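Here is the structure we will look at, set down as structure tokens.
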Amino acid sequence: MAETYKSGEKVKYRLAEAMKECMKKAPVEKITVKEITEECGVTRQTFYRNFQDKYDLINWYFDKILIESFEHMGEGQTVYESLVNKFQYIQKETLFFRAAFKNDDQNCLRDHDFELITQFYTDRIEGNTGKKMSDKIRFQLEMYCQGSIYMTVQWVLGNHKATPETLARFLSESMPAELRDVFKECGLL
């Protein structure tokens, strides 16, 4: 995680690092706030000033690394390069992404990922074409993004074995034809 966070967030990042250390030793369900605070060297009061519980901590950190993964994604010129960048970043944070996606109750995280990726592509398409997407292209984009998220979750959970490059290639080649044409027109393929 980049060291560019605000000073008020330092404790939160320290707690997230402590949580990651605890996750190396035990599943999330077995980790206690006491273990996290001991690993971090802070009091329980400090923990509860920042988070409601360990799941709140996981959700906060998930949000931070998801946003950063999209920043890495934005460094690529094509969809393929962008996806490789994102997946390589996710690989570095696999433990947290796995914990975040593991439970079906965490669907709000998938929804958040959907909103971010859809907006990311919308901005690139509309920015490059200078016009709003048609309803049909928006539909195809949303369908593509939902499928991409599903396959990404399967990959993170270990249900689909692939390198970041292979997964990126599969996803970029699975785009609906009309959406693919729009991406080509924008120089994204």
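Bear in mind that the values here come from a model prediction, so they are computed numbers and not experimental data.
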Are any of the side-chain nitrogens in R110 or E115 under 4.0 Å away from the carboxylate oxygens of its partner?
-> no
Can you name the closest pair of heavy atoms from R124 and L188 and give their distance?
-> NH2-CD2, 3.5 Å
Check: D123/Q119 side-chain N/O donor and acceptor closer than 3.5 Å | yes
F51 reachable from L95 in the ILVMFWY side-chain graph, under 4.5 Å edges | yes
Under the side chain to side chain donor-acceptor pair (under 3.5 Å) rule, what pairs show up with a residue in residues 180-189, not counting sequence neighbours?
-> none
Going by an N to O cut-off under 4.0 Å, is there a salt bridge joining K20 and E17?
-> yes
Are the aromatic ring centres of Y13 and W60 under 6.0 angstrom apart?
-> yes
Name all residues meeting the side-chain hydrogen bond (donor to acceptor under 3.5 Å, both in side chains) criterion together with K25; count only those two or more places apart in sequence or in a different chain, and write none if there are none.
-> E39
Decide, yes or no, whether a salt bridge links D113 with K86 under the criterion of side-chain N to carboxylate O below 4.0 Å.
-> yes
For M19 and I36, work out which heavy atoms get closest and say how close.
-> SD-CD1, 3.4 Å
With no hydrogens and no angle check, do the side chains of E93 and Y61 hold a donor and an acceptor under 3.5 Å apart?
-> yes
Of the non-hydrogen atoms in F96 and A16, which two are nearest, and what is the gap between them?
-> CE1-O, 3.9 Å
Any donor-acceptor N/O pair, S174 side chain to F170 backbone, under 3.5 Å | yes
Got more than 12 heavy atoms from elsewhere within 6.0 Å of CD, Q52?
-> no
Closest non-hydrogen atoms of L57 and K12, given as atom of the first, atom of the second and distance, are CD1-O, 4.2 Å
Over 12 foreign heavy atoms within 6.0 Å of CG, N159 = yes
For T37 and T43, the nearest pair of non-hydrogen atoms, with its separation, is CG2-O, 3.7 Å
Under a 4.0 Å N-O cut-off, is there an ion pair linking K136 with E178?
-> yes
Please report the closest heavy-atom contact between A168 and V84, naming both atoms and the distance.
-> CB-CG2, 3.5 Å
For L189 and M175, what are the C-alpha separation, side-chain angles and deciding distance, and is it a side chain to side chain contact (heavy atoms under 4.5 Å, CB included)?
-> CA-CA 10 Å; L189 277 180; M175 196 176 290; 4.3 Å; yes
